Amino acid sequence: MPRVRFAPSPTGFLHVGSARTFIFNWLYARHNGGTMILRLDDTDVERNTDASVNSIFEGLRWLDLGWDEEYKQSERLGLHRQIAEAIFQKDLAYRDFTPAHTGETERSGANQTWLFNPGMRELSRAESDRRAATGEPFALRFRVPRGRGEQVRFNDAVYGEQVKEADDIEDFALLRSDGMPTYHLASCADDIDLRISHIIRGQDHLSNTYKHALIFSGAGAGAGAGAGADLPQFAHLPLLVAPDGSKLSKRRHGPVVSVTTYRDAGFLPEAFINFLCLLGWSPKDNRENMTPQELIDAFSLEGINRSNAVVNFREPAATPDEAFDPKAVWLNAEHIRALPVPELSARLLPIVCAAGFSISAEKMEAITPLIRERIKLLRDVLTAADFFFVDQLPPYDPAELIPQKGDAAMALKVLSRAREVLSQTEFKHDPLDQALRTAAQEVGVKAGQMFQPIRVAVCGRKNAPPLFETLEVLGREVTLKRIDRAIEKLQAVRS
């Protein structure tokens with residue numbers, strides 16, 4: 001069965017690209033009945049922070065997909081050094097006592113890049129052992145095959161066969177001079193030990209994979225530099241880029257590249273997952289709105305595209321919605337509409353309470369069906385339903401109370417009659433509907449001219465949920481108080 005891993009370095013927040021990598025690994029594991037592993041690649045002690053670790057776990061827990069096994073690289077240093085020593089004993093690595101590789105004589109690559117230090121590479125084993133025994137610090141470097149025309153090759157599930165001349169690969173470090181493993185060694189050592197079968201990661205790691213193929217081979221996970229018979233299956237994912245084609249970065253693009261930004265803005269995790277999946281992957285039937293189970297059923301590495309995926313946000317954003325890709329917002333609205341009312345209500349209630357409003361779960365559940373079609377993000381509840389939460393409406397223009405093709409006198413007449421009727425009518429949809437339509441006929445106005453002043457009086461605006469359902473939720477006492485206030489506003493204008 002497949003064993004896949006997500007291996008973030010805790011040196012920053014959980015990036016949306018990293019979240020997509022986690023999701024693709026998770027989907028592959030679940031689709032194929034495999035194992036999903038979370039491994040913190042935390043050997044870069046100078047850059048690791050607790051805040052970054054917390055950000056990674058915070059974002060992953062919000063996605064709510066879970067994993068099967070969890071490891072920390074920093075707890076596996078013995079393994080890393082053991083594999084480095086095994087490679088060294090095969091004479092596939094050598095000690096480099098040079099403090100730093102500098103100087104023109106060392107720039108032997110095609111583009112005058114550093115490839116190796118001949119003095120260190122050719123140092124006899126006896127001399128190397130003697131200098132190491134004296135305590136002289138050294139880095140351990142992989143002895144890349146040279147001068148024999150060898151090639152390093154591997155097959156990528158997305159980009160196909162990849163080949164590079166071994167002569168063009170530098171003798172990369174396995175251990176630093178302080179004895180700590182490099183990223184290349186630690187990553188491969190853990191992948192070998194954890195029996196990772198498929199390495200699914202960003203395309204920016206594609207160039208590293210030649211070095212990793214050499215490590216796998218040197219550690220016994222392949223049949224030589226060129227064969228790599230027992231290499232994991234690699235699949236490199238296209239990058240996520242901004243509308244201008246630049247790579248997404250927090251420094252340049254701000255919080256839109258952080259997973260927690262989407263959470264805090266009111267995205268559903270399942271909608272966010274759906275959106276990220278469509279960045280660089282597509283199902284064979286070109287569906288877009290998909291549940292997590294539908295994504296599991298449809299996912300395959302064959303569906304991953306080679307071209308980079310654009311996240312279409314606006315810079316600068318004029319509205320909160322423009323800060324996000326329109327497809328992300330649309331998918332979120334679709335997922336919101338698909339939620340059962342009790343479940344959606346349970347997700348909205350904490351947002352309302354956190355904003356300082358005191359509201360019962362029962363009332364929230366009554367409000368939810370009235371606004372479900374009117375919100376795109378969960379936080380929209382604070383603007384779409386604010387008039388349900390406050391004791392007193394914020395100021396609004398009394399002119400809004402005047403119905404179409406009417407005047408202030410008509411608005412006063414309508415509201416006065418509405419108050420009389422509503423003080424005696426049962427606050428249920430059908431009785432309210434019937435009573436107010438009858439009242440419209442009695443005062444000689446159209447139904448719309450009757451309803452608009454009432455809607456503005458109780459909601460503070462024209463654009464609001466259906467009137468009768470709104471009145472039912474608000475209740476008689478609140479409704480009559482707000483109509484009284486509206487009448488006072490109109491009287492003050494007329495006087």
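Keep in mind it's a predicted model, so treat the numbers as computed, not measured.
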Once you round to the nearest 0.5 Å, how far does [atom1] of [X] lie from [atom2] of [Y]?
X    : Y    : atom1 : atom2 : answer
L339 : L348 : CG    : CG    : 9.0 Å
I83  : E85  : CD1   : CD    : 12.0 Å
Q293 : R30  : CD    : CZ    : 11.0 Å
Q162 : L206 : CD    : CG    : 5.0 Å
S197 : D191 : OG    : CG    : 10.0 Å
E294 : D285 : CD    : CG    : 9.0 Å

Any chance the side chains of [X] and [Y] put a donor and an acceptor closer than 3.5 Å?
X    : Y    : value
R201 : T21  : no
H236 : Y159 : no
S9   : T11  : no
Y183 : N208 : no
T49  : S52  : yes
D96  : T98  : yes
D41  : Q73  : yes

Any side-chain heavy-atom pair of [X] and [Y] under 4.5 Å:
X    : Y    : answer
F6   : W26  : no
R81  : M180 : yes
R121 : R141 : no
L240 : N308 : no
L231 : S217 : no
I192 : F216 : yes
H184 : F142 : no
T260 : F13  : no

For the pair [X] (side chain) and [Y] (backbone), establish whether a donor and an acceptor sit closer than 3.5 Å, ignoring hydrogens and angles.
X    : Y    : answer
T182 : A173 : yes
E334 : V329 : no
N274 : M290 : yes
N312 : D325 : no
S55  : L14  : yes
N32  : M1   : no
H15  : L248 : yes
T261 : V257 : no
S345 : V341 : no
R20  : L279 : yes

Check salt bridge (Lys or Arg N to Asp or Glu O under 4.0 Å) between D91 and all other residues, then give those that pass, not counting sequence neighbours.
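In terms of salt bridge (Lys or Arg N to Asp or Glu O under 4.0 Å), with neighbours along the sequence ignored, D91 is linked to R143.
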Tell me, please, which residues at least two apart from E270 pass salt bridge (Lys or Arg N to Asp or Glu O under 4.0 Å).
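Salt bridge (Lys or Arg N to Asp or Glu O under 4.0 Å) list for E270, sorted by chain: R347.
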Go through it in stages, so that I can follow the logic: the residues are S307 and N305, the test is side chain to side chain donor-acceptor pair (under 3.5 Å), and I'd like the CA-CA distance, side-chain angles, deciding distance and then a yes or no.
CA-CA 6 Å; S307 56; N305 306 317; 5.5 Å; no
Can you give me the closest heavy-atom contact between [X] and [Y], atom names plus distance?
X    : Y    : value
L349 : I359 : CD1-CG2, 3.7 Å
S246 : R252 : CB-NH1, 3.3 Å
N155 : G160 : OD1-C, 3.6 Å
R39  : P8   : O-CD, 3.3 Å
I87  : A219 : CG1-N, 4.2 Å
H198 : I196 : O-CG2, 3.4 Å

Between [X] and [Y], does any side-chain N to carboxylate O distance fall below 4.0 Å?
X    : Y    : answer
D380 : R374 : no
R176 : D178 : no
R461 : D386 : yes
D190 : K72  : no
K211 : E170 : yes

Stepwise salt bridge (Lys or Arg N to Asp or Glu O under 4.0 Å) test for D167 and R148
CA-CA 8 Å; D167 286 336; R148 304 197 297 267; over 6 Å; no
Residues D171, R146; criterion salt bridge (Lys or Arg N to Asp or Glu O under 4.0 Å); working and verdict:
CA-CA 10 Å; D171 286 0; R146 301 197 181 281; 2.8 Å; yes
Would the number of heavy atoms belonging to other residues, nucleotides or ligands and lying under 6.0 Å from CG of D50 be above 12?
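At most 12 heavy atoms, drawn from other residues, nucleotides or ligands, come within 6.0 Å of this atom.
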E70, CD: over 12 other non-hydrogen atoms inside 6.0 angstrom
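Yes, the 6.0 Å shell around CD holds more than 12 heavy atoms from other groups.
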Going through the checks in order, is the side chain to side chain donor-acceptor pair (under 3.5 Å) test met by Y210 and D168?
CA-CA 11 Å; Y210 298 103; D168 293 332; over 6 Å; no
Please list all pairs meeting ring-ring contact (aromatic ring centres under 6.0 Å, His included) that have one or both residues in residues 296-351, counting only residues at least two apart or in different chains.
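Output for this query lists F24-F299, H253-F313, Y262-F324, F267-F324, W281-F299.
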Using 30° and 60° as the class limits, which term best fits the ring planes of F357 and F389: parallel, tilted or perpendicular?
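Judged by the thresholds at 30° and 60°, the geometry between F357 and F389 is tilted.
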The criterion is ring-ring contact (aromatic ring centres under 6.0 Å, His included); which residues satisfy it with H80, sequence neighbours excluded?
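Counting only residues at least two positions away or on another chain, H80 forms no ring-ring contact (aromatic ring centres under 6.0 Å, His included).
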Pairing residues for H31 by the ring-ring contact (aromatic ring centres under 6.0 Å, His included) criterion, not counting sequence neighbours
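Not a single residue meets the ring-ring contact (aromatic ring centres under 6.0 Å, His included) criterion with H31.
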Evaluate L38 against Y71 for side chain to side chain contact (heavy atoms under 4.5 Å, CB included), listing each step before the verdict.
CA-CA 6 Å; L38 173 62; Y71 303 92; over 6 Å; no
Can you list everything that forms a side chain to side chain contact (heavy atoms under 4.5 Å, CB included) with T35? Sequence neighbours excluded, please.
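T35: side chain to side chain contact (heavy atoms under 4.5 Å, CB included) contacts with R3, I37, D68, E69.
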Would you check, one step at a time, whether the test salt bridge (Lys or Arg N to Asp or Glu O under 4.0 Å) holds for K284 with E302?
CA-CA 10 Å; K284 295 177 181 178; E302 290 74 22; over 6 Å; no
